[in-house]
S.K.: 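Sending over a structure as C-alpha cells; questions will come in a sec.
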Amino acid sequence: MNIKDNLYKLEKELPGNVTLVAVSKTKPVEDILEAYNAGHRVFGENKAQELIKKQPELPENIRWHFIGHLQTNKVKFIAPFVDMIESVDRFKLLKEINKHANNNNRTIDCLLQFHIATEETKFGLDISEADDILNSDDYKEIKNIRICGVMGMATFTDDESVIRNEFKHLKKIFEHLKEMYFSQADYFKEISMGMSGDYKIAIEEGSTIVRIGSVIFGERFV
Ligand SMILES: *Cc1c(COP(=O)(O)O)cnc(C)c1O
C-alpha cells in the first residue's frame with residue numbers, strides 16, 4: 001500500500017467532523033508531497049527544527065499543526081506560519097506564543113495539552129494548572145491566541161480499558177473548561193486525541209482531531 005491508498009482508506013473510516021492530522025515527523029518532504037498531491041492539507045510535526053526545515057520546501061497552503069514539546073526559544077521561528085499549536089503545556093509557553101503572534105500580526109490557534117497517561121515522560125497540564133492559567137490576570141492580557149480545546153496522549157499499552165478511561169478523562173476536562181471559561185466561545189470545540197494505535201477508541205470517546213503518522217506513512221525507524 002502506498003501513502004495515497006493509506007490516506008483514502010483512513011479518511012473513509014473517519015467521521016466527517018473529525019480532522020485528520022497526518023503526522024509526518026521523520027518523513028521526507030517527498031512523502032509529504034505524495035499525501036499533499038492526494039489532496040491532504042493538514043500535517044503535524046513534533047520538532048521545531050524539523051518543521052522549520054521542511055516548511056519552506058513545501059506548498060504554502062499546508063496547514064501545519066505543531067504537536068511536540070516546544071521550547072520557548074523556538075516559538076519565534078514557527079509563529080509566522082503555524083496553523084495550530086496543539087501542545088501548550090505551560091503558561092510561559094502560552095505567553096511566548098502570544099508575543100510572537102502579536103509580532104506577526106496574527107492570532108494563533110492553540111490547544112492546552114493535558115497529562116492523561118500514566119507515563120511520567122509525557123508532557124501536559126493537570127486540571128488545576130489549567131484553572132490557574134485561565135483565572136489569572138496575566139491570561140486576560142493575552143489577545144493573540146485562541147484556545148480552541150484540549151489535546152492528550154494515552155498511555156502506550158495493549159489494555160484498551162486504560163486507554164478508553166484516559167480519553168474519557170480528557171473529554172471531562174474539555175467539558176469542565178467549556179463550561180467554566182468558554183461557554184460563549186464557539187471556537188472552543190476541539191478534543192485532539194487518538195494516534196495510529198488508538199484512534200478508533202478515541203473517536204468512540206468523542207475525538208474531533210486525530211493525529212496519525214505510521215498508519216499513513218509507514219513505521220518510523222528513527
Ligand atoms: C508521533 C506522534 C503522533 C503519531 O504517532 P503514530 O503512532 O505514528 O500515529 C501523534 N501525536 C503525537 C504528539 C506524536 O508525537
Side-chain angles (χ1 to χ4, degrees), residues 1-11 13-14 18-28 31-32 34-35 40-54 62-71 74-75 78 82-90 93 97 109-125 148-160 162-164 166-167 169-171 173-174 190-222:
M1 288 266 274
N2 60 29
I3 290 168
K4 184 177 171 185
D5 292 338
N6 295 341
L7 256 179
Y8 286 170
K9 187 161 170 282
L10 194 53
E11 276 164 0
E13 269 182 66
L14 300 175
V18 172
T19 302
L20 171 62
V21 177
V23 177
S24 49
K25 63 189 187 194
T26 78
K27 299 296 177 181
D31 287 9
I32 300 173
E34 194 174 332
H40 200 73
R41 293 294 177 268
V42 188
F43 293 86
E45 290 282 341
N46 72 334
K47 292 207 166 70
Q49 296 286 22
E50 190 176 341
L51 175 55
I52 296 157
K53 190 169 178 300
K54 285 173 175 174
I62 285 183
R63 289 157 51 201
W64 291 105
H65 282 218
F66 192 82
I67 62 171
H69 187 63
L70 182 55
Q71 289 173 266
K74 298 286 176 1
V75 173
I78 67 169
V82 73
D83 187 64
M84 179 180 271
I85 298 176
E86 294 199 16
S87 44
V88 175
D89 56 8
R90 57 208 192 281
L93 178 60
I97 297 167
D109 286 348
C110 291
L111 303 180
L112 297 179
Q113 181 175 356
F114 285 88
H115 186 263
I116 55 170
T118 50
E119 295 120 328
E120 278 306 314
T121 49
K122 286 181 175 148
F123 292 97
L125 302 160
C148 299
V150 301
M151 185 271 242
M153 288 169 89
T155 302
F156 188 70
T157 172
D158 288 332
D159 188 341
E160 276 201 14
V162 169
I163 296 169
R164 192 176 294 280
E166 290 171 356
F167 289 155
H169 181 203
L170 188 60
K171 176 99 188 283
I173 292 170
F174 170 83
E190 307 295 357
I191 305 175
S192 176
M193 57 187 188
M195 311 177 18
S196 290
D198 56 20
Y199 70 89
K200 289 177 189 164
I201 305 172
I203 285 165
E204 286 167 11
E205 298 305 329
S207 173
T208 67
I209 298 176
V210 289
R211 310 173 310 270
I212 298 183
S214 26
V215 162
I216 299 169
F217 295 107
E219 266 184 81
R220 288 178 298 273
F221 301 102
V222 281

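Atoms within each ligand, like the ligands themselves, are counted from 1 in listed order.
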S.K.: Quick one: look up the protein heavy atom nearest atom 11 (N) of ligand 1 and list residue, atom name and how far away it is.
M.R.: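 Protein heavy atom with the smallest distance to atom 11 (N) of ligand 1: Arg211 NE, 2.9 Å.
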S.K.: Evaluate whether atom CD of Glu119 has more than 12 neighbouring non-hydrogen atoms of other residues, nucleotides or ligands under 6.0 angstrom away.
M.R.: yes
S.K.: At less than 4.0 angstrom from any non-hydrogen atom of Ile212, what atoms of ligand 1 do you find?
M.R.: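 Per the distance check, 9 (O).
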S.K.: Is any NZ, NE, NH1 or NH2 atom of the basic residue among Glu34 and Lys4 found under 4.0 Å from an Asp or Glu carboxylate oxygen of the other?
M.R.: no
S.K.: Under 4.0 angstrom from ligand 1, any heavy atom of Glu86?
M.R.: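 No, Glu86 has no heavy atom closer than 4.0 Å to ligand 1.
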S.K.: Select the closest option to atom 14 (C) of ligand 1 among Met195, Glu219, Arg220, Lys25, judged by heavy-atom distance.
M.R.: Lys25
S.K.: Can you tell me if His169 has over 12 outside heavy atoms packed within less than 6.0 Å of its NE2?
M.R.: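 Atom NE2 in His169 is not crowded, with 12 or fewer foreign heavy atoms closer than 6.0 Å.
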S.K.: Within a 6.0 Å radius of atom CG on Asp159, are there more than 12 heavy atoms belonging to other residues, nucleotides or ligands?
M.R.: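 Counting other residues, nucleotides and ligands, CG of Asp159 exceeds 12 neighbours.
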S.K.: Taking 4.0 angstrom as the limit and counting only heavy atoms of Met153, give me the atoms of ligand 1 inside it, by number and element.
M.R.: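 This gives 13 (C) as the contact atoms.
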S.K.: If we ignore angles and hydrogens, is there a donor and acceptor under 3.5 Å between the side chains of Glu190 and Thr208?
M.R.: yes
S.K.: What atoms in ligand 1 come closer than 4.0 Å to a heavy atom of Gly213?
M.R.: 4 (C), 6 (P), 8 (O), 9 (O)
S.K.: Considering non-hydrogen atoms of the protein only, which is the closest contact for atom 13 (C) of ligand 1, and what is the distance?
M.R.: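 Minimum-distance protein heavy atom for atom 13 (C) of ligand 1 reads Ile67 O, 3.4 Å.
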S.K.: Hey, which of Val21, Val18, Leu20, Val150 is the one that makes side-chain contact (heavy atoms from CB on, under 4.5 Å) with Ile209?
M.R.: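 Per the side-chain contact (heavy atoms from CB on, under 4.5 Å) rule, the option paired with Ile209 is Val21, out of Val21, Val18, Leu20, Val150.
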S.K.: Counting from 1, what ligand 1 atoms have a heavy atom of Ser196 closer than 4.0 Å?
M.R.: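 Here the atoms of ligand 1 in question are 6 (P), 7 (O), 8 (O), 9 (O).
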